[in-house]
Amino acid sequence: MAEAMKRSGPLAGMRVIELAHIMAGPVCGLMLADMGAEVIKVEKMEGDDTRRTVPPALEGESAAYMMMNRGKRGISLDLKDPDGVAVLRRLLKGADALIENYRGGTMERLGIGYETLKVEYPELVYCSLSGFGRTGPYADRAGFDLVAQGMSGLMSVTGEGPGRPPMKCGPPVTDITAGILAAMGVLAAYANRLRTGKGQAVDTSLFEAGITHTYWQSAIAMATGIAPGPMGSAHPLNAPYEAFETADGWITIGAANQTNWLRLLKTIGADGLAEDPRFAANRDRMANRHELAATLAPIFRTHSSAEWLARLEAGGVPAGPVLDVNAMHRDPQALAREMVVEVDHPRVGRMKTLGLPVKFSETPGRVHGPAPLLGEHSRAILAEAGYAPAEIDALIARGVVRETAA
């Protein structure tokens, strides 16, 4: 527990066992770790599959793995061996929460399902992430972000427009959002446990994570019976609210209410459009959205992005550049908000990673370190759990535990 005492953040002192791989579960773990929890990542002997998600790799370490698992400690266990399960059970004695995203039934076959563990550890918060949730007709289906995006409705509203092929959101949004929802669920259950002394199961999924991103489109469909389709960068409820091409790139315009619409017209020198009945109010602009975009597009192509953004900012119109990921990493606001930070990795050296997106005034969180090497902390974690050096040596020699020197 010495490692946990070094941590800062609102969750300092909380201990989490992460039995998770790839993305959704690890996102949950990294959120908790950045907020101060000690997260012990328990990997299978060959490691999290993300370790083999290459290229790119740095000094033989997967960039994807290092992003998803920074700030955690790592132990590698063979949970198919009863002794490996015994080690896990000992680790759970000091744990507040467990995170797992194995396929349904796997944890039960290993003898560490929730119904089993809650008897021995009644205070444990047990969080399961899956493709579709642990109940319902799809509970046993494997889940992937692409599948969840398709089934949640996201792919039906993403893309250039009607008649075009279905398109997924660029990032794996259901994986990432499921991890964030899981972290929220763990913290809610943990807060309840602090009041009542009772743990509970927390269950969320990629499918449900995708559904949460359809709030506007679901509101429209529920009110009208018509399922919205893809609109490119445009908004289903407000206009103009989309990307426009400039003389040298693209910018986004968020003139989503009447005040900003009138500010936009003044800024771009098109005050006369305020009297055009097609664009008088938001209802009219939405009804004539394509005509509106066609009217504004040639105006924005007359100047560079930088010129327009300077004018729009001076005019009080919400707008911004369309940045690529490298440009975002250099953006002064991203740097000021510590969304790009550096850590020291034992093999890679000084390297960049993304920071904690939630700020706290009294108990600031942070990225506490790099991702662990496979089995990097196995020996230390076992010693903290009360294993004698000879016992640790025996577990490593038998292949129940894997150790990797930093």
Side-chain angles (χ1 to χ4, degrees), residues 154 157-161 164 167-171 173 176-177 213 215-217 228 230-276 278-342 352-359:
L154 284 183
V157 298
T158 303
E160 294 178 336
R164 304 291 292 170
M167 185 178 295
K168 69 182 274 301
C169 300
V173 292
I176 295 169
T177 304
H213 285 284
Y215 284 129
W216 284 142
Q217 287 81 5
M231 300 175 63
S233 63
H235 195 283
L237 296 172
N238 299 293
Y241 191 95
E242 59 188 284
F244 287 95
E245 187 177 16
T246 67
D248 63 353
W250 290 81
I251 61 174
T252 56
I253 303 292
N257 58 42
Q258 195 67 11
T259 298
N260 283 326
W261 164 243
L262 297 176
R263 286 175 178 167
L264 173 65
L265 296 183
K266 182 177 181 181
T267 300
I268 66 176
D271 299 82
L273 291 180
E275 307 304 321
D276 191 319
R278 296 175 300 167
F279 312 137
N282 186 64
R283 179 187 298 271
D284 307 307
R285 293 192 291 277
M286 285 301 298
N288 299 284
R289 184 176 61 82
H290 294 292
E291 292 92 334
L292 174 62
T295 301
L296 296 177
I299 298 175
F300 285 111
R301 285 196 289 266
T302 60
H303 296 289
S304 70
S305 295
E307 291 176 285
W308 278 124
L309 290 172
R311 290 191 191 186
L312 293 163
E313 183 174 359
V317 181
V322 177
L323 302 178
D324 66 26
V325 176
N326 281 329
M328 176 273 288
H329 290 165
R330 298 188 297 267
D331 188 85
Q333 184 67 13
L335 296 174
R337 294 290 290 175
E338 297 184 324
M339 285 308 299
V340 178
V341 298
E342 292 187 342
K352 291 181 179 180
T353 189
L354 295 184
L356 175 64
V358 183
K359 318 309 184 203

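None of the values given here were measured: they were computed from a predicted structure.
- Just one residue in the list Trp250, Phe244, Phe300 forms a ring pair (Phe, Tyr, Trp, His ring centres under 6.0 Å) with Trp308, and that residue is Phe300.
- The two residues Tyr241 and Ala256 make their nearest non-hydrogen contact at CD1-CB, 3.6 Å.
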Using distance only, find each side-chain donor-acceptor pair of residues 261-268 under 3.5 Å and give its atom names and separation, not counting sequence neighbours.
unit_1: Trp261; atom_1: NE1; unit_2: Phe279; atom_2: O; d: 3.4
unit_1: Arg263; atom_1: NH1; unit_2: Asn260; atom_2: OD1; d: 3.2
unit_1: Arg263; atom_1: NH1; unit_2: Gly316; atom_2: O; d: 3.4
unit_1: Thr267; atom_1: OG1; unit_2: Arg263; atom_2: O; d: 2.8

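- Side-chain atoms of Lys359 come within 3.5 Å of backbone atoms of Arg337 as a donor-acceptor pair (strictly under, hydrogens ignored).
- The two residues Gln258 and Ala281 make their nearest non-hydrogen contact at OE1-CA, 3.8 Å.
- A pairwise comparison of heavy atoms in Ser304 and Ala247 identifies N-CB, 3.9 Å as the closest pair.
- Side-chain contact check for Leu296 versus Leu273: some heavy-atom pair is nearer than 4.5 Å.
- Proximity of Val341 to Thr353: side-chain heavy atoms (C-beta onward) are separated by under 4.5 Å at one or more points.
- Listed by chain and number, the residues in a side-chain contact (heavy atoms from CB on, under 4.5 Å) with Glu313 amount to none (sequence neighbours excluded).
- Atom CG of Leu309 sits about 5.0 Å away from atom CD1 of Ile251, to the nearest 0.5 Å.
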Atom pairs and distances, side-chain donor-acceptor, residues 231-239, under 3.5 Å, sequence neighbours left out:
unit_1: Ser233; atom_1: OG; unit_2: Ala243; atom_2: N; d: 2.9
unit_1: His235; atom_1: ND1; unit_2: Leu237; atom_2: N; d: 2.9
unit_1: His235; atom_1: ND1; unit_2: Asn238; atom_2: N; d: 3.3

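- The salt bridge (charged side-chain N to carboxylate O under 4.0 Å, His left out) test applied to Glu245 returns no partner, not counting sequence neighbours.
- Counting only residues at least two apart or in different chains, salt bridge (charged side-chain N to carboxylate O under 4.0 Å, His left out) contacts with residues 278-295 comprise Asp276-Arg278.
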Using residues 323-332 as the side-chain source, report each donor-acceptor pair under 3.5 Å to any protein atom, sequence neighbours left out, with the distance given to one decimal.
unit_1: Asp324; atom_1: OD1; unit_2: Asn326; atom_2: N; d: 3.2
unit_1: Asp324; atom_1: OD1; unit_2: Ala327; atom_2: N; d: 2.7
unit_1: Asp331; atom_1: OD2; unit_2: Gln333; atom_2: N; d: 2.9

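- Here the closest heavy-atom approach between residue Ala270 and residue Ile299 is recorded as CB-CD1, 4.3 Å.
- Taking both residues in full, the closest heavy atoms of Pro298 and Thr295 are given as CD-O, 3.5 Å, listed atom of the first, atom of the second, then distance.
- For the pair Ser305 and Asp248, the tightest heavy-atom approach, listed with the atom from each and the gap, is N-OD1, 2.8 Å.
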